[in-house]
Each structure stands twice: as structure tokens, then as C-alpha cells.
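Data first, discussion second: the structure below is written as C-alpha cells.
Counting starts at 1 for both ligands and their atoms, following the listed order. When a residue number appears, it is its place in the shown sequence, counting from 1.
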Amino acid sequence: MSTTTSEADAARQQLGSEFAGELIGPDDAAYEEARQVYNAMIDRRPALIARCATPDAVAKVVAFARDRDVPLAVRGGGHNGAGLGTVDDGIVIDLSLLRDIEVDPEARTARVGGGCTWGEVDAATGEQRLATPSGIISTTGVGGLTLGGGLGHLTRKFGLAIDNLLEAEMVLASGERVTASADEHPDLYWAIRGGGGNFGVVTSFLFRLHEVGTIIGGPTFWAIEQSAEVLAAYRDFILNAPRELNGFFAFTTVPPAPPFPEELHMRKVCGVVWCYVGDEEDAAKAMAPLLDALPEPLMHGVQPMPHAALQGAFDELYPKGDQWYWRADFVNEIPDEAVEIHAKFGAEMPTMQSTMHLYPIDGAAHDLASSDTAWSYRDANWGAVFAGVDRDPANVGKIGDWSRGYHEALHPYSAGGAYVNMMMDEGQERVRAAYRDNYDRLARIKATYDPGNLFRINQNIEPAVA
Ligand SMILES: Cc1cc2nc3c(=O)[nH]c(=O)nc-3n(C[C@H](O)[C@H](O)[C@H](O)COP(=O)(O)OP(=O)(O)OC[C@H]3O[C@@H](n4cnc5c(N)ncnc54)[C@H](O)[C@@H]3O)c2cc1C
């Protein structure tokens with residue numbers, strides 16, 4: 001009998017028929033579908049996938065994995081590029097059954113299950129014309145995105161996702177259930193705001209909500225040949241723009257579908273994807289200094305829309321099952337030499353879905369100091385991501401080469417470390433570089449809450465040795 005089968009059988013025996021959830025092993029019909037994660041390059045075969053329907057069920061599986069000393073992965077939305085929501089021959093705690101969402105419009109909070117995706121949260125909060133900062137794609141998991149930091153359309157106005165996290169209900173490596181907040185386990189609360197899944201399983205998050213109804217959003221595209229001029233102007237513009245205006249710079253290929261005009265289909269472009277929290281007239285005023293300084297764009301697709309609609313705008317372009325290889329870095333400045341490198345690699349995007357984004361992280365994200373939460377790059381101005389993406393596995397080499405080459409060429413101009421949520425498996429030095437001065441404190445907190453490093457399928461913080 002293989003080890004993989006025995007893990008599932010042992011779980012069934014030990015956790016029993018009363019187990020709240022589903023236990024899926026390699027011999028079960030549901031296994032093939034259940035083992036898949038978003039990045040099709042990741043092809044792992046866990047010994048057991050435990051879909052837990054209650055925090056108590058999570059605690060039982062945590063204890064089971066710990067006692068049997070098998071690798072344990074925790075899966076929220078399964079979007080992680082490096083495939084950290086799954087593991088070969090180990091146990092996956094799949095949180096996809098923990099999807100309750102309670103919005104309290106008076107308190108302006110939302111309590112969100114640890115396995116929710118952002119689209120579900122945005123839909124629920126949007127009904128009350130409220131929102132909390134998240135990312136830019138609605139199928140991403142709340143769990144991984146939040147615990148790593150959370151950069152998105154509302155960053156400049158309302159900060160990172162973690163800046164709006166009020167508390168988290170957690171299952172620790174010991175199996176104990178605790179709340180992490182400013183009042184309870186404040187060290188843990190500090191650590192989970194950027195420190196990823198290193199400290200336990202979050203079964204629910206409590207977020208602060210803001211008044212966000214209709215936003216003014218969409219892309220402005222210019223010809224790829226104008227990249228250097230557009231990026232230089234964007235760089236000088238965005239850091240002085242009002243906080244209501246978020247705009248990330250992007251290289252992309254115009255998808256061959258409406259609402260894009262046919263003459264632009266499959267054309268490589270550079271541009272800015274906007275999100276303005278406020279009315280149309282103020283949005284136009286806020287964008288004007290950039291638009292007036294540049295040549296007429298190929299397309300200015302900015303319009304009023306519900307916040308949730310902007311969040312879902314890229315979903316069709318990036319369905320589950322594509323190959324993803326990405327690299328990232330934080331950036332303080334974009335000197336002219338770096339602008340030229342961007343222009344070169346932008347023009348060489350290897351496939352239709354490959355892209356580069358520069359997410360602004362100034363504005364409200366700068367209101368906190370680097371030591372206020374585990375997320376240490378509060379002084380950086382952008383998070384850059386170089387994402388090679390394609391449906392066809394035959395193109396894995398091509399997308400990886402482009403992404404790595406782009407990153408290596410620009411790394412000397414970076415702030416040194418990268419955003420953990422946009423890293424591949426890049427080794428311990430890169431994890432340390434992501435946390436800089438916060439690393440040692442994280443390692444001490446890890447030693448308190450997870451001394452045996454049970455939660456190690458992540459951008460791992462090794463427990464400090466006493
Ligand atoms: C298409 C796409 C778009 C993206 N856009 C953005 C963006 O706009 N902004 C941004 O900041 N990031 C973005 N990301 C990156 C994203 O934040 C990370 O991939 C993140 O890890 C995804 O979280 P997940 O829960 O879906 O992933 P998973 O693969 O399920 O988990 C990732 C990691 O988080 C841990 N984890 C997840 N949930 C929990 C939980 N409840 N408790 C404890 N640990 C948990 C896992 O153990 C694992 O280590 C994007 C990713 C993709 C693929």
C-alpha cells in the first residue's frame with residue numbers, strides 16, 4: 001500500500017465519520033479536481049486533502065498532521081504562484097468550505113471566512129456601497145492575499161488589505177483557537193499582517209469597510225512604442241496625485257474581445273489601470289496632468305462602475321489553469337535607465353497574457369511605519385511584478401525566461417526585496433530580504449506560536465533558536 005493511500009485511510013479512521021467536511025485521498029473520484037491549484041505549472045499530489053467546514057475541523061486536522069509529522073499545506077484561494085496551497089505527499093487543509101460573509105453596515109465591518117475569494121467579499125460589501133482594500137482580480141483568495149499584505153485598486157486611498165484587518169480567528173500549531181487583534185495576542189496580530197501563513201490557520205478575518213460605491217475605473221492605453229515616454233510621465237505624476245486616484249502602470253496585450261475596439265485586438269500596449277474613489281468630474285481633474293502631458297492614447301476606457309465590476313474586470317483574461325511564472329521587487333525610484341529597460345522588455349512580452357504591473361504603494365500605505373506591521377517595505381513606492389503567463393504548457397520555458405530576464409535586468413534598480421505574495425520559491429535569502437529588519441522579530445514570534453515549524457509550506461520564517 002502506498003504512503004499516500006494510507007494517510008487518507010488513517011485520517012478517516014482517526015477523524016471519524018463525524019468529521020465536519022470532506023476527506024479526499026488519491027483513490028477518490030474528487031481527487032484530480034481537488035488537487036488542482038490556479039497555476040497549472042504546479043502539479044502536486046497530496047496524500048490527503050481535508051476540506052474543513054468548521055474551525056474545529058481545522059483544529060483536528062492540524063493536530064492529525066502534527067502528530068503524524070507529515071508536511072501540511074493550507075489552501076485559501078489556491079492562487080499562489082509558487083503553489084504554496086498544496087504539497088506532495090502531505091496534507092492539504094482546504095478552506096474552501098469556510099466561506100461565510102457577514103457585513104455589518106453600521107459598524108462598517110465584514111467578517112469573512114478564511115476560504116473566501118475577493119469576488120464574494122466585494123459582492124457582499126458592494127451591496128451596502130462599502131469595500132475593503134484587496135487586489136485586482138476577484139478570484140484571488142482572501143487568506144493568502146491578506147496575510148501577505150494585499151496590494152490593489154484601493155491602496156493609495158485606504159492602505160493595504162492588512163491595514164484594514166481588525167482581527168483574525170486562528171487555529172495555532174498547538175490546535176488552540178485564538179483571536180489575534182490589537183487587544184488579544186498583539187504580537188501575533190503584528191506578525192500576521194504581512195508574515196503570511198507562518199503562524200497558524202486563519203478561519204475568519206474581520207475587516208474595516210469604507211464607503212466605496214461606484215468608482216471611476218478602467219484602462220488608458222498607449223502604443224508600446226511610446227512606453228518610455230508614458231512610464232517616465234507616470235512615474236513623475238502618480239506620487240503627487242490625490243489619494244483618491246489609484247493607477248497602476250502595465251504592459252499588456254489588448255485581448256481579442258469586446259469591449260476593446262477591434263483595431264486594437266492583440267496589440268501590445270502600455271498603459272495605466274485607474275480606480276478613482278469619487279465622482280467622474282473629480283476623476284477627470286485628477287488624471288488630467290498625466291493625460292495632458294502625453295500624446296493622445298489609443299484608448300481611454302475609463303467610466304463609472306461598481307467597485308466589484310472593476311475587481312472582476314480581468315477575471316476572464318486570467319482563468320484558472322494557465323501556466324504562471326513570476327518575479328517581483330519593491331521599487332523606490334524608476335530612473336531613466338530603468339525606464340529604458342522596461343520599454344525593451346515590455347515590447348518583448350512573450351505571450352498574450354504575459355504582463356508587467358507597477359502597483360503604487362504610497363498614499364495611505366505610507367501612513368504606517370515599516371515596523372508597525374510585519375510588512376516592511378512601507379518606504380517603497382511601487383511593487384513591480386513581471387508575470388509570464390500562458391495557457392500552453394509548451395510555453396513554460398519562454399514565459400519563465402522573459403520573467404527572469406526582466407527581473408534580473410531591473411533588480412539593481414530595486415529596493416532589494418520583493419512582495420512575498422508575488423515570489424516563486426526563491427530561497428531563504430529572498431524571504432529575509434522581503435522582511436528586512438522585521439525578520440528577527442517574526443522569527444521570535446514564530447518560535448512562540450509554531451516552534452516546530454508545522455506551517456512551513458509558505459515563504460517560510462524559520463523559528464528563532466532560543
Ligand atoms: C491572477 C492573480 C492576481 C493577483 N493579484 C494580486 C493583487 O492584485 N494584489 C496582491 O496583493 N496579490 C495578488 N496576487 C497574489 C496573491 O496575493 C497571492 O498569490 C496569494 O498567495 C493568493 O492567496 P490565496 O489564498 O489565493 O492562495 P493559496 O495558494 O491558497 O495560499 C497562499 C499562501 O497563503 C496561505 N494561506 C492562504 N489562506 C490562508 C488562511 N486562511 N490561513 C493561513 N494561511 C493561509 C497558504 O498556506 C499559502 O502559504 C494575485 C495572484 C494571482 C494568481
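Shown here are the ring pair (Phe, Tyr, Trp, His ring centres under 6.0 Å) partners of Y318, two or more places apart in sequence or in another chain: W324.
Here the two rings, on Y449 and W190, have centers that are 6.0 Å apart or farther.
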Just the distances, no angles: every ligand 1 N or O to protein N or O pair closer than 3.5 Å, one line each.
residue  : atom   : partner : partner atom : Å
ligand 1 : 8 (O)  : I136    : N            : 2.9
ligand 1 : 8 (O)  : L151    : O            : 3.3
ligand 1 : 9 (N)  : L151    : O            : 2.6
ligand 1 : 11 (O) : L151    : N            : 2.9
ligand 1 : 11 (O) : Y419    : OH           : 2.5
ligand 1 : 17 (O) : N421    : ND2          : 3.2
ligand 1 : 19 (O) : H79     : O            : 3.4
ligand 1 : 21 (O) : N80     : ND2          : 3.0
ligand 1 : 23 (O) : L145    : N            : 3.3
ligand 1 : 25 (O) : G77     : N            : 2.9
ligand 1 : 25 (O) : G144    : N            : 2.9
ligand 1 : 26 (O) : G77     : N            : 3.3
ligand 1 : 26 (O) : G78     : N            : 3.3
ligand 1 : 26 (O) : H79     : N            : 3.1
ligand 1 : 26 (O) : G141    : N            : 2.9
ligand 1 : 27 (O) : H79     : N            : 3.3
ligand 1 : 29 (O) : H79     : N            : 3.4
ligand 1 : 29 (O) : N80     : N            : 3.1
ligand 1 : 30 (O) : G76     : N            : 2.7
ligand 1 : 30 (O) : G77     : N            : 3.3
ligand 1 : 30 (O) : G78     : N            : 2.7
ligand 1 : 38 (N) : G144    : N            : 3.4
ligand 1 : 41 (N) : G114    : O            : 3.4
ligand 1 : 41 (N) : V202    : O            : 3.0
ligand 1 : 42 (N) : V202    : N            : 2.9
ligand 1 : 47 (O) : V74     : O            : 2.7
ligand 1 : 49 (O) : I457    : O            : 3.2

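For residues 130-142, the side-chain hydrogen bond (donor to acceptor under 3.5 Å, both in side chains) pairs, not counting sequence neighbours, are H79-T139, H79-T140, S134-Q311, S138-D315. Residue pairs meeting the side-chain hydrogen bond (donor to acceptor under 3.5 Å, both in side chains) criterion with at least one member in residues 58-76, sequence neighbours excluded: E7-R68.
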Checking side chain to side chain donor-acceptor pair (under 3.5 Å) for the pair K157/N246: CA distance, chi angles, key distance, verdict?
CA-CA 8 Å; K157 177 73 175 149; N246 206 93; over 6 Å; no
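Using a 4.0 Å cut-off between a side-chain N of Lys or Arg and a carboxylate O of Asp or Glu, R111 and E167 qualify as a salt bridge.
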